[in-house]
Amino acid sequence: SGQSLSDLYLLTEVLFSLSLQAGKKCTVIGGSGFLGQHMVEQLLKKGYTVNVFDIQKRFDNDRVQFFLGDLCDKEALLPALQGVSVAFHCASPAPSSDNRELFYKVNFMGTKAVVEACKEAGVQKLVLTSSASVVFEGTDIKNGSEDLPYAKKPIDYYTETKILQEKEVLSANDPGNNFFTTAIRPHGIFGPRDPQLVPILIQAAKSGKMKFIIGDGKNLVDFTYVENVVHGHILAAENLQKGSALCGKAFHITNDEPVPFWAFMSRILTGLNYDPPKYHIPYWLAYYLALFLSLVLWLLSPLVTIKPTFTPMRVALAGTFHYYSCERAKRDMGYKPVVSLDEAIDRTLQSYPHLRRAKA
Ligand SMILES: NC(=O)C1=CN([C@@H]2O[C@H](COP(=O)(O)OP(=O)(O)OC[C@H]3O[C@@H](n4cnc5c(N)ncnc54)[C@H](O)[C@@H]3O)[C@@H](O)[C@H]2O)C=CC1
Ligand SMILES: CC(C)CCC[C@@H](C)[C@H]1CC[C@H]2C3=C(CC[C@]12C)[C@@]1(C)CCC(=O)C[C@@H]1CC3
């Protein structure tokens, strides 16, 4: 009859909208962090229901359900993953923490717990935030593709465990059990609220350490605006499905506009009223000075803890080419940066009024 037909129609509508809602429920592991918070904001804008799992709560939002816990604890993760179809894993100890045990525990063992918890909770898609640095050994990379082998000698412990983490996630891809995984490899993320790049640079400038250009200053590097990184993650989640080219694969996400490292640094410095560096120092000299300094600080470490501005890792990043091709992301997920580098730098500079030097 007409009544039962309209009941059936209503039921179908309800079921359809329930399935859409379930498809759009996600968890951001590391959602209190720099990238994580930007992920949450964009996911909410796109109509996702968002859970955050993090060891700390760094913002308030009525539309977000927070789960506080350590990702190394599978039992703590499970409630945050109930009814969720996509998990984004963008948690990591800060690279500057330089704590080998912590990197191993969180990035490797913790990621194993994330994979197990996702499978147990019935999450279908896991998108990992990896890093383009997993292939970087401190020597030039120009337009590197995802086919480059993992670094045999990674530049630091952080990167060593990012490699282990990425391998763990990609090898967990299991179409037979309806569990799909992929990894996004961003490079040099920057933007509003970044606690690393701009604040470290300005701190160095304030203490008079930004006088030298390491090398000839022509080395091209990728700096990627945080919203482009978020866009890559969301596209990855939306294109990750049975039979897609994303399953078990890694993808570079960059601004697709490599820029000389020192031109980028100078633009940030002058944009915040600091002088750009102007003297040149040979790369090898800067590298061995940084190595010598880290040795001295290591010898002094039982007595005093000092964090150097110029570490061998930072010198390597500042004095070599390291930019990557994002053709694979363009081809397989329709990626294209949504914010140009010029616009991204302007927005970033405007977001740091407290770091701007007052003009004399
Ligand atoms: N910032 C950059 O230039 C790049 C970052 N990445 C990757 O992007 C991801 C996000 O980085 P950022 O947002 O810059 O870092 P962040 O330090 O701002 O955020 C990391 C978040 O992870 C959380 N976290 C750390 N340990 C945890 C644990 N045991 N359990 C639960 N939560 C924990 C922290 O509380 C923090 O909220 C990381 O995986 C990082 O390796 C990759 C390439 C470049
Ligand atoms: C003091 C100056 C020589 C350099 C100041 C800027 C640096 C703090 C940043 C320049 C390149 C950045 C970078 C990262 C951290 C911040 C920089 C060293 C990462 C190591 C962050 C984590 C990653 O996965 C790779 C990044 C590469 C670029």
>> Side chains of Leu35 and Val229, heavy atoms from C-beta outward: is any pair under 4.5 Å?
In response: yes
> Considering residues, nucleotides and ligands other than Tyr288, do more than 12 of their heavy atoms fall under 6.0 Å from its OH?
Replying inline: no
>> Restricting to side-chain contact (heavy atoms from CB on, under 4.5 Å), what partner residues turn up for Ala250, sequence neighbours left out?
In response: Glu166, Leu170, Ala183, Arg185
>> Among Asp54, Asn51, Val52, which residue satisfies the side-chain contact (heavy atoms from CB on, under 4.5 Å) criterion with Phe66?
In response: Val52
> Would you say Phe190 has more than 12 foreign heavy atoms packed within less than 6.0 Å of its CZ?
Replying inline: yes
> Are side-chain heavy atoms of Thr348 and Pro192 found at a separation under 4.5 Å?
Replying inline: yes
>> Please check if the number of heavy atoms outside Lys119 that lie under 6.0 Å from its NZ is greater than 12.
In response: yes
>> Tell me whether Arg267 is salt-bridged to Asp342, with the criterion being a basic N under 4.0 Å from an acidic carboxylate O.
In response: yes
> Does a side-chain heavy-atom distance below 4.5 Å link His89 with Leu71?
Replying inline: yes
>> Just so I know, are the side chains of Ile214 and Phe310 near enough to count as touching, which here means a heavy-atom distance under 4.5 Å?
In response: yes
> Would you find a donor on one side and an acceptor on the other, under 3.5 Å apart, between the side chain of Ser171 and the backbone of Lys167?
Replying inline: yes
> Hey, does the side chain of Asn255 reach the backbone of Val339 with a donor-acceptor pair shorter than 3.5 angstrom?
Replying inline: yes
>> Side chains of Val106 and Cys72, heavy atoms from C-beta outward: is any pair under 4.5 Å?
In response: yes
> What's the spacing between Arg347 CZ and Glu227 CD if we round to 0.5 Å?
Replying inline: 5.0 Å
> Phe34 versus Val226: any side-chain heavy-atom pair under 4.5 Å?
Replying inline: yes
> Strictly under 6.0 Å, is that where the ring centroids of Tyr324 and His187 end up?
Replying inline: yes
> Of all residues at least two apart in sequence or in a different chain, which pass the side-chain contact (heavy atoms from CB on, under 4.5 Å) check with Asn177?
Replying inline: Asp174
>> Could you check whether any side-chain heavy atom of Phe223 comes within less than 4.5 Å of a side-chain heavy atom of Met265, counting everything from C-beta outward?
In response: yes
>> Salt bridge check, Asp60 against Lys57: does any charged N sit closer than 4.0 Å to a carboxylate O?
In response: yes
> Taking Pro258 as the fixed residue, which of Leu220, Asn143, Asn219 is the one that meets the side-chain contact (heavy atoms from CB on, under 4.5 Å) rule?
Replying inline: Leu220
